[in-house]
Chemist: 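Shown below is the structure under consideration.
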Amino acid sequence: QVQLVESGGGLVQPGGSLRLSCAASRSFLNLNVMGWYRQGPGKQRELVASITPGGTTTYADSVKGRFTISRDIAKNTLNLQMNSLKPEDTGVYYCNRLNQQISWGQGTQVTVSS
């Protein structure tokens, strides 16, 4: 059974950067359209970025130009580089595939605050 393990979150000031990673099996990461989701305080979980097996990326308007999703095949990870962070980026970040999502991992907390 595939397990998703997110890491890399933390407390950062507005304008700062973080790099999140999601560890899973190579086949799961490479054969599915993968996404990074976030759940802000009191909000529903939303998709912020996705990447197809061929490498095509899509971003929510709220993060476009600031976040970059990528795969590291050697390390079997899905990554999310987050720059120019804003307080509204605060939340728990999760990874999963877009279709027929499997059990969610524990997520990684990102807090953007001065």
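Start at 1 with the first residue, then count along the sequence.
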Chemist: Is the side chain of Glu6 donor-acceptor paired with the backbone N or O of Cys95 at a distance under 3.5 Å, no angle test?
Modeler: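 The answer is yes, because a donor-acceptor pair under 3.5 Å joins these two groups.
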Chemist: If we check side-chain contact (heavy atoms from CB on, under 4.5 Å) with Asn96, which of these qualifies: Ile102, Asn32, Val2?
Modeler: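 For Asn96, the side-chain contact (heavy atoms from CB on, under 4.5 Å) test succeeds with only one of Ile102, Asn32, Val2, which is Ile102.
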Chemist: Answer yes if the side chains of Asn83 and Gln81 hold a donor-acceptor pair under 3.5 Å, and no otherwise.
Modeler: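 Note: Asn83 and Gln81 side chains meet the donor-acceptor criterion.
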Chemist: Quick check for you: to the nearest 0.5 Å, what is the distance between Tyr59 atom OH and Leu47 atom CG?
Modeler: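 With rounding to 0.5 Å, OH (Tyr59) is 11.5 Å from CG (Leu47).
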Chemist: Do Ile69 and Leu98 share a hydrophobic cluster, counting only Ile, Leu, Val, Met, Phe, Trp and Tyr and linking them when any side-chain heavy atoms are less than 4.5 Å apart?
Modeler: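 Hydrophobic grouping puts Ile69 apart from Leu98.
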Chemist: Do Ile51 and Val33 come close enough that some side-chain heavy atom pair is under 4.5 Å?
Modeler: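 Counting from C-beta outward, Ile51 and Val33 never come under 4.5 Å.
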Chemist: Apply side chain to side chain contact (heavy atoms under 4.5 Å, CB included) to Val92 and list each qualifying residue two or more places apart in sequence or on a separate chain.
Modeler: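 By the side chain to side chain contact (heavy atoms under 4.5 Å, CB included) rule, Val92 matches Tyr94, Gln109.
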Chemist: To the nearest 0.5 Å, how far apart are CG in Leu80 and SG in Cys22?
Modeler: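 Here the interatomic distance stands at 10.5 Å.
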Chemist: Please find out if less than 6.0 Å separates the ring center of Phe67 from that of Trp36.
Modeler: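 No, too far apart.
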Chemist: Using a 6.0 Å cut-off, check whether atom NZ of Lys64 has over 12 heavy atoms from anything other than its own residue.
Modeler: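 Correct, the count exceeds 12.
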Chemist: Is there a donor-acceptor contact under 3.5 Å from the side chain of Arg97 to the main chain of Gln100?
Modeler: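 Yes; judged by distance alone, with no hydrogens or angles, the pair exists.
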Chemist: For Asp89 and Leu85, indicate whether the former's side chain and the latter's backbone hold a donor-acceptor pair under 3.5 Å.
Modeler: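 Flag not set: sc Asp89 to bb Leu85 has no pair under 3.5 Å.
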Chemist: What distance separates Arg71 CZ from Met34 CE, expressed to the nearest 0.5 Å?
Modeler: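 Taking CZ in Arg71 and CE in Met34, the distance rounds to 7.5 Å.
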Chemist: For Gln3, I'd like to know if atom CD has over 12 heavy atoms of other residues, nucleotides or ligands within 6.0 Å.
Modeler: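 Atom CD in Gln3 is not packed in, count stays at 12 or less.
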Chemist: A side-chain contact here means heavy atoms from C-beta on lying under 4.5 Å apart; do Pro87 and Pro14 qualify?
Modeler: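 Heavy-atom side-chain distance check passes, below 4.5 Å.
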Chemist: So, the side chain of Thr90 versus the backbone of Thr111: is there a donor-acceptor pair under 3.5 Å, distance only?
Modeler: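 No: the side chain of Thr90 does not pair with the backbone of Thr111.
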Chemist: Nearest heavy-atom pair of Thr108 and Gly8: which atoms, and what distance?
Modeler: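 Looks like OG1-N, 3.8 Å.
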Chemist: Checking Arg66 side chain against Ser84 main chain: does a donor-acceptor pair fall under 3.5 Å?
Modeler: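 Answer holds: yes.
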Chemist: How would you list, by chain and number, every residue that makes a side chain to side chain contact (heavy atoms under 4.5 Å, CB included) with Ser27, sequence neighbours excluded?
Modeler: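 Partners of Ser27 by the side chain to side chain contact (heavy atoms under 4.5 Å, CB included) criterion, ordered by chain and then number, come out as Ser25, Leu31.
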Chemist: Sub-3.5 Å donor-acceptor pair from the side chain of Arg38 to the main-chain atoms of Glu46, do we have one?
Modeler: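 No, Arg38 side chain to Glu46 backbone: no donor-acceptor pair under 3.5 Å.
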Chemist: Determine whether Gln1 and Ser103 satisfy the following criterion, side chain to side chain contact (heavy atoms under 4.5 Å, CB included), listing intermediate values before the conclusion.
Modeler: CA-CA 10 Å; Gln1 184 175 355; Ser103 295; 4.3 Å; yes
Chemist: Nearest 0.5 Å please: distance from the CG atom of Asp72 over to the OG1 atom of Thr77.
Modeler: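 Output value for this atom pair is 4.5 Å.
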Chemist: Which heavy atom of Asn76 sits nearest a heavy atom of Ile73, and at what distance?
Modeler: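 Reported closest heavy-atom pair: OD1-O, 3.1 Å.
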Chemist: Check the side chains of Ser21 and Asn79 for a donor-acceptor pair under 3.5 angstrom, ignoring hydrogens and angles.
Modeler: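 There is such a pair between these side chains.
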Chemist: For the residue pair Met82 and Leu20, establish whether any side-chain heavy-atom pair is separated by less than 4.5 Å.
Modeler: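 They are in contact (side-chain heavy atoms under 4.5 Å apart), so the answer is yes.
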Chemist: Please report the closest heavy-atom contact between Gln106 and Leu4, naming both atoms and the distance.
Modeler: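 Closest pair (atom of Gln106, atom of Leu4, distance): OE1-O, 4.0 Å.
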Chemist: Go through Tyr37 and Gln44 one step at a time and tell me if the side chain to side chain donor-acceptor pair (under 3.5 Å) criterion holds.
Modeler: CA-CA 10 Å; Tyr37 301 77; Gln44 290 195 338; over 6 Å; no
Chemist: Can you get from Tyr93 to Phe28 by hopping between Ile, Leu, Val, Met, Phe, Trp and Tyr side chains that sit under 4.5 Å apart?
Modeler: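 Yes, it is one cluster - the side chains of Tyr93 and Phe28 are joined through contacts under 4.5 Å.
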